[in-house]
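Have a look at the structure below, then the notes.
The chain is numbered in sequence order, starting from 1. The figures that follow rest on heavy atoms only: side chains count, while hydrogens, waters and symmetry mates do not.
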Amino acid sequence: PRSSPAALPGVAPPIAACAPDAAMDLRRRERPQERRCEGGHPAAQDGVERPRSSTPGGGEPPSGFRFGPSEVDEFEASEEGRGLIRSCFWFALFFLWPYQTFCQTQNFLSREFPERADSAGFMMMICCTWPMFLTHSLLSCTGLSRRLPYGVKIVGPGAFVTCLAVFLFIVLWRAGSRSGGEFLLHSLYASALLGSLAESFAEPAVYDMAGLFPSTLTSQMTQAGTGACGLIVSVVQVVTRLAYYGPGPVERDHMKNLTMVFVVLMGLTSIGMIVTFVRVSRTQSYRCYVSTGKRDKAGDPGQHGRVRLDPGGDAPPVDVEHSVFAATLFALGHSWPSCLTVVLTFLTTLTLWPVIPGRSCAIAPGEGGTLQTWWFDLIILAFNLADFLGKVHRSSLRWGAETLSPTQHLLLAVLRAAIFVPLIFASCAPQLYPTRWARWVTLLATFFLGLSNGWLSTVCFMRAPKALPPGTPNVVAEQASTALMFSLFLGISSGCWIAYRLGLTLLRGSIGVCYTEVASR
């Protein structure tokens with residue numbers, strides 16, 4: 001729960017979710033939507049939070065889910081609900097743009113610093129990921145993430161990344177000679193590190209908000225936005241290169257110009273994230289489902305009274321009054337398979353992509369053409385396109401979230417790793433069969449790696465924050481989202497670190513080596 005902003009006119013969320021006496025207001029007022037959420041989420045006089053679904057009209061939630069079907073349907077059918085679902089998409093598109101921008105700089109780094117081509121890409125991925133994991137872990141363990149309002153966690157990083165984009169643009173613009181190469185390289189590393197620190201605030205905040213609304217579509221559209229971001233960045237990269245330089249190779253200075261375009265867009269998208277939050281924070285649904293009256297500060301007892309939750313059966317109630325610890329344990333009791341699935345999914349993905357297939361041999365010695373100069377861009381485009389497709393097919397995603405159990409999701413993640421690890425290594429590092437076949441296997445394997453990554457991760461994010469008992473307070477649902485984000489950052493950062501270590505040890509001298517060279521050894 002967060003502080004309540006002013007509300008704008010719009011179709012409100014379900015009456016029963018916010019005020020038990022709102023039905024009377026509906027009969028008496030011409031524009032009831034401005035009054036439905038008055039007073040925030042109902043709480044009993046004894047300070048114990050009541051289940052949302054127990055109020056009239058909410059419907060009985062399906063087994064294992066927080067909200068009743070009528071409440072979900074009414075939210076999804078309202079104009080304001082549909083607008084919030086779309087806003088989650090834009091949030092994700094904007095907060096992930098810096099990460100995708102720095103991922104795209106790997107091609108520029110290999111051209112600008114050929115002597116460091118074997119390590120620069122891996123180092124950039126580590127700078128983009130490990131700060132997110134460490135910062136999010138610190139915020140979660142200390143409870144700071146619960147104390148900070150959403151405005152600070154979203155508007156602050158947006159403003160910071162905008163300033164970072166201005167700095168990086170100036171550095172790239174002035175880097176006209178090799179003499180400033182070291183400063184440029186360190187500036188890119190530092191910018192990636194600082195950008196990931198900012199994302200470690202904004203991304204979990206958006207997922208927390210999405211998990212508090214009744215519909216699973218808010219979480220699904222957040223995932224779809226992340227997929228769309230990667231796809232748009234890849235398409236812009238390819239289209240801009242074709243428009244200005246044609247299908248041939250791009251010179252070093254031209255590659256720098258492409259990077260500057262992405263840096264400018266990084267600043268603009270950060271401003272867009274701020275504007276989107278301002279609009280969302282003024283809606284009635286934000287006040288009902290996210291703010292819910294007084295802010296419940298975990299670790300600050302007495303602010304909102306006691307919050308108790310009966311897990312069901314004869315088990316004693318779980319008290320989440322004094323800290324997030326009890327809420328986290330309860331959330332993990334329901335979502336731990338989903339958390340493990342997310343860790344394994346992204347660990348597999350970031351170990352195998354993008355550096356290993358992106359720097360693999362696409363043209364055998366003696367073959368002509370410019371395919372090798374396009375190969376890294378094509379690998380990123382193939383993955384991002386498939387990842388986006390996996391995150392937007394709603395019927396299969398809802399089936400996976402509502403029909404398959406979290407344990408089955410985990411088994412799918414294990415099977416996925418068992419298939420793709422040997423498949424991509426055999427075609428890339430080093431190639432164990434002719435290049436004319438290996439390049440197609442690499443491209444198709446990358447596509448299906450992205451498709452499975454998008455689908456499986458989205459199913460987990462759709463299910464975990466909603467698959468809690470009826471009446472679960474917001475602090476528990478937020479901790480379920482926090483656990484998923486911890487798992488996401490852990491999987492991404494661990495995968496990048498494993499890929500980096502493999503590049504320095506087992507795969508040293510094998511990445512980018514063609515089959516003919518391997519066979520001649």
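No side-chain donor-acceptor contact under 3.5 Å links K256 to the backbone of F108. At least one donor-acceptor pair under 3.5 Å links the side chain of D387 to the backbone N or O of G454. Distance alone, capped at 3.5 Å, places no donor-acceptor pair between the R359 side chain and the I511 backbone. Remark: side-chain polar atoms of T370 are paired, donor with acceptor, to backbone N or O of P247 under 3.5 angstrom. Between the H136 side chain and the M132 main chain, no donor and acceptor come within less than 3.5 Å of each other. Judged purely by atom type and a 3.5 angstrom limit, Q372 uses its side chain to pair as donor or acceptor with the backbone of A362. A donor-acceptor pair under 3.5 Å is formed between the side chain of S452 and the backbone N or O of L449. With hydrogens and angles ignored, the 3.5 Å screen pairs a side-chain donor or acceptor of Q408 with a backbone N or O of S405. Formation of a donor-acceptor pair under 3.5 Å by the T218 side chain with backbone atoms of S215 is found in this model. Between the side chain of S360 and the backbone N or O of P357, at least one donor-acceptor pair lies under 3.5 Å.
Not counting sequence neighbours, S187 has no partner by the side chain to side chain donor-acceptor pair (under 3.5 Å) test. Annotation: salt bridge (charged side-chain N to carboxylate O under 4.0 Å, His left out) contacts of R394 (sequence neighbours excluded): none. For F95, there are no ring-ring contact (aromatic ring centres under 6.0 Å, His included) partners at least two apart in sequence or on another chain. Take S119 and apply the side chain to side chain donor-acceptor pair (under 3.5 Å) test, not counting sequence neighbours, and it matches no residue. Applying the salt bridge (charged side-chain N to carboxylate O under 4.0 Å, His left out) rule to R416 yields no partners; only residues at least two apart in sequence or on another chain are considered. Residues satisfying the side chain to side chain donor-acceptor pair (under 3.5 Å) test with T458, not counting sequence neighbours, are Q223. Under the salt bridge (charged side-chain N to carboxylate O under 4.0 Å, His left out) criterion, R501 pairs with no residue, sequence neighbours left out. Not a single side chain to side chain donor-acceptor pair (under 3.5 Å) links E199 to another residue, sequence neighbours left out.
Contacts classified as side chain to side chain donor-acceptor pair (under 3.5 Å) and involving residues 91-102 (residues at least two apart or in different chains) are given here: W97-T101. Identified under the ring pair (Phe, Tyr, Trp, His ring centres under 6.0 Å) test for residues 396-418, with sequence neighbours left out: none. Listed by first then second residue, pairs satisfying side chain to side chain donor-acceptor pair (under 3.5 Å) with a partner in residues 81-95 number zero, not counting sequence neighbours.
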Item checked: Pair W353-T446, side-chain hydrogen bond (donor to acceptor under 3.5 Å, both in side chains): steps then yes or no -> CA-CA 8 Å; W353 176 89; T446 300; 5.7 Å; no

Next item on the list: Apply the test side-chain contact (heavy atoms from CB on, under 4.5 Å) to residues L109 and L185: give CA-CA distance (whole Å), side-chain angles for both, the deciding distance (0.1 Å), then the verdict.
Entry: CA-CA 8 Å; L109 288 173; L185 179 64; 3.8 Å; yes

Next item on the list: For Y207 and F461, run ring pair (Phe, Tyr, Trp, His ring centres under 6.0 Å): C-alpha distance rounded to whole Å, both residues' side-chain angles, the deciding distance at 0.1 Å, then the answer.
Entry: CA-CA 8 Å; Y207 275 104; F461 275 95; 4.6 Å; yes

Note to self: Please evaluate residues F448 and F420 with respect to the criterion side-chain contact (heavy atoms from CB on, under 4.5 Å), reporting the C-alpha separation (whole Å), side-chain torsions for both, the decisive distance (0.1 Å), and the verdict.
What the structure shows: CA-CA 9 Å; F448 286 105; F420 285 108; 3.8 Å; yes

Margin query: The test is side-chain hydrogen bond (donor to acceptor under 3.5 Å, both in side chains); show your working for T442 and S427 and say whether it passes.
Written below: CA-CA 6 Å; T442 300; S427 65; 2.9 Å; yes

Check: Is there a side-chain contact (heavy atoms from CB on, under 4.5 Å) between I85 and F75 once you walk through the steps?
Finding: CA-CA 10 Å; I85 291 171; F75 177 85; 4.2 Å; yes

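In this structure, the side chains of W455 and L412 come closer than 4.5 Å at one or more pairs of heavy atoms. A heavy-atom distance below 4.5 Å is found between the side chains of R398 and M462. Inter-residue side-chain proximity for F167 and S191 is flagged as met; some heavy-atom pair is nearer than 4.5 Å. When side chains are defined from C-beta on, V280 does not count as touching Y150, because their heavy atoms never get closer than 4.5 Å. Side-chain contact between N453 and T348 is absent, with no heavy-atom pair separated by less than 4.5 Å. In this structure, the side chains of L502 and T351 come closer than 4.5 Å at one or more pairs of heavy atoms. Residues E203 and L488 have side chains in contact (heavy-atom distance under 4.5 Å, counting atoms from C-beta outward). Contact of the F133 side chain with the F486 side chain is registered, since non-hydrogen atoms from C-beta on lie closer than 4.5 Å.
Between the CG atom in L344 and the OG atom in S457 there is a gap of 12.5 Å [rounded to 0.5 Å]. Note that CD1 of I379 and SG of C428 are 7.0 Å apart. Values are rounded to the nearest 0.5 Å. Taken to the nearest 0.5 Å, the CH2 atom of W336 stands 12.0 Å off from the OG atom of S487. I274 CD1 to T162 OG1: the interatomic distance, rounded to the nearest 0.5 Å, is 5.0 Å. Interatomic distance, L506 CG to R508 CZ, rounded to the nearest 0.5 Å: 12.0 Å. Atoms CE and CZ, from M273 and F91 in turn, are 8.0 Å apart once rounded to the nearest 0.5 Å.
Here the shortest heavy-atom pairing between G195 and L164 reads N-CD2, 3.7 Å. C127 and S196 make their closest contact through O-OG, 3.2 Å (heavy atoms, listed as atom of the first residue, atom of the second, distance). The shortest heavy-atom contact between L468 and P465 is CD1-O, 3.6 Å.
Using a 4.0 Å cut-off between a side-chain N of Lys or Arg and a carboxylate O of Asp or Glu, E402 and K466 do not qualify as a salt bridge. The existence of a salt bridge linking E478 and K153 is excluded, since no basic side-chain nitrogen approaches an acidic carboxylate oxygen closer than 4.0 Å.
The only option from N384, L265, T269, L93 that meets the side-chain contact (heavy atoms from CB on, under 4.5 Å) definition with I232 turns out to be L93.
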Side chains of residues 489-497: which donor-acceptor partners sit under 3.5 Å, not counting sequence neighbours?
from	atom 1	to	atom 2	distance (Å)
S493	OG	F489	O	2.6
S493	OG	L490	O	3.3
S494	OG	L490	O	2.7

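In this structure, K391 fails the cation-pi test against F388, since its NZ or CZ atom is not both closer than 6.0 Å to the six-membered ring centre and inside 45 degrees of the ring normal.
Aromatic ring centroids of Y515 and Y433 lie 6.0 Å or more apart.
Between F213 and Y289, the ring-plane angle classifies as perpendicular under the 30° and 60° cut-offs.
A 6.0 Å sphere centred on CH2 of W130 holds more than 12 heavy atoms belonging to other residues, nucleotides or ligands.
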